[in-house]
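Working notes for the structure below.
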Amino acid sequence: VWVGTWISLLIGLTVVLLSSCIGGVLGMVSGLAGGITDTIIMRVGDIILSFPGILLAIALASFFNLGMLSLILVLTIPNWVGCARIVRGEVLKYKQKEFILAAKTYNASFLRIIFRYLLPLVIPLIIVQASLDIAGVILAESGLNFLGIGLDPAIPTLGQLIEAGREHMFDRPRLIVAPGVVLFSIIIALNFIGEGLGKKISHQDTKTPRHEERHINHRRTDKCAERWSEGPSEGPRAAGCLGGKNSHRSPGEVRKKRG
C-alpha cells in the first residue's frame, strides 16, 4: 500500500507541476497579449473543457502505450485549462494597473513584464489551484488504473491495488479497504490544504502589490517635492505631505537632521 501511495503521489505531483507551468504561462500570455492570441488559447481551452475529464483521459489513453510517461501526458493535457483561465483572469485585473503601464512606458519587453511583474502576483493562485487539482489527478489516475488502461499491472498504485482486491472483496476485504482508505484520506487532506491556502490568499488580495506600492510611493515623493517648491507651508499641507514633529521642515532639512 505504501509503495502504491508513493507512486500515485509521484504521478499526481508531476502532472500538477506540468499543468501548472503550462497553464500559468499560457494564462499570462493570453491575458497580457489579448487579441487573437487570447482568442486562440481560450477557444482551445473551451474545446478541452467541453469533454468530461475522465472520458477525455480514456480517449487519449487509447492512443498511447501503457507507461508512466504516457499516463502523465494523458492526465496533463486536460488539466492545464483550469489554471490558465484563473491566471488569465488575475492578469486582466492587473493589466491596467499603473505599475504595468509604467513598465510598458519604459519599453519593458513582453517577457520581462510577465516574469518580473506578473509572475510574483499569480504564483499564490497557482499554488492554491495546484493543491486543489492534485486530489482530482490522483483520483483520475486511480480510476484509469482501476479500469485497466493506466499503468502496467505489475506497477502497484492505489488504483491497481483496489482493482486487484476487488476479486477478494468478501473473503479478504482488507485488500480493497486498505488502499481505499488511504486514497480517501489523501484526497480529503489535500482538499483541506487547498481550502486553507485559498483562505489565506484571499485575505492577502486586499494588500497593495509591492510593485504598485513602490510606484505610488515614488509618485507621492515627486508630488511632495513639487509642492515644497510652491511654498514652505501651504503647498505641502495641501498635498498631505505634512504631519508629525517634522511638519514644519522641508524634506531636505529632515534628511539633514537625521544624518
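- Closest approach of Ala130 and Ser20 over heavy atoms only: CB-OG, 3.6 Å.
- The minimum heavy-atom distance between Gly24 and Cys83, with the atom names listed, is N-SG, 3.9 Å.
- Counting only distance, with no hydrogens or angles, the side chain of Ser30 and the backbone of Gly27 share no donor-acceptor pair below 3.5 Å.
- Atom OG1 of Thr14 sits about 4.5 Å away from atom CD1 of Ile72, to the nearest 0.5 Å.
- Other residues, nucleotides and ligands place no more than 12 heavy atoms under 6.0 Å from the CZ atom of Phe184.
- When all heavy atoms of Ser8 and Glu141 are compared, the pair lying nearest together is OG-OE1, 3.3 Å.
- Residues Ile100 and Leu118 meet the side-chain proximity criterion, which asks for heavy atoms closer than 4.5 Å.
- We find the CD1-CD1 distance between Ile188 and Ile193 to be 11.5 Å, quoted to the nearest 0.5 Å.
- Between Leu13 atom CG and Leu18 atom CG the span is 11.0 Å, to the nearest 0.5 Å.
- Across Leu144 and Ala57, no two heavy atoms sit closer than the pair CD1-CB, 4.1 Å.
- Between Leu119 atom CG and Leu111 atom CG the span is 12.0 Å, to the nearest 0.5 Å.
- Follow the hydrophobic side-chain contacts under 4.5 Å out from Leu92 and you never reach Ile86; the two are in separate clusters.
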Please walk me through it: do Ile48 and Trp80 pass side chain to side chain contact (heavy atoms under 4.5 Å, CB included)? CA-CA 10 Å; Ile48 294 177; Trp80 64 268; 3.7 Å; yes

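- Interatomic distance, CD1 of Ile113 versus CE of Met28, reported as 12.5 Å (0.5 Å rounding).
- No chain of hydrophobic side-chain contacts below 4.5 Å, direct or via other Ile, Leu, Val, Met, Phe, Trp or Tyr residues, connects Phe110 to Leu101.
- Residue Leu9 is grouped with residue Leu75 when hydrophobic side chains (ILVMFWY) are merged at heavy-atom distances under 4.5 angstrom, including chains of intermediate members.
- Grouping the Ile, Leu, Val, Met, Phe, Trp and Tyr side chains by contacts below 4.5 angstrom, directly or via other members, places Leu55 with Val137.
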Test Ile138 against Leu190 for side chain to side chain contact (heavy atoms under 4.5 Å, CB included), laying out the working first. CA-CA 10 Å; Ile138 293 176; Leu190 291 173; 4.0 Å; yes

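- Using a 4.5 Å cut-off on side-chain heavy atoms (C-beta onward), Ile7 and Met68 make contact.
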Evaluate Lys104 against Leu32 for side chain to side chain contact (heavy atoms under 4.5 Å, CB included), listing each step before the verdict. CA-CA 11 Å; Lys104 292 181 179 180; Leu32 186 61; 4.2 Å; yes

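- Here Leu17 contributes atom CG and Ile134 contributes atom CD1; the two are 10.0 Å apart, rounded to the nearest 0.5 Å.
- When all heavy atoms of Ser19 and Thr76 are compared, the closest pair comes out as N-CG2, 4.0 Å.
- Val128 and Phe192 fall into different hydrophobic clusters, where Ile, Leu, Val, Met, Phe, Trp and Tyr side chains are chained together by heavy-atom contacts under 4.5 Å.
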Would you sort out whether Arg85 and Asp46 count as a side chain to side chain contact (heavy atoms under 4.5 Å, CB included), showing the intermediate values? CA-CA 10 Å; Arg85 294 172 70 91; Asp46 292 340; 2.8 Å; yes

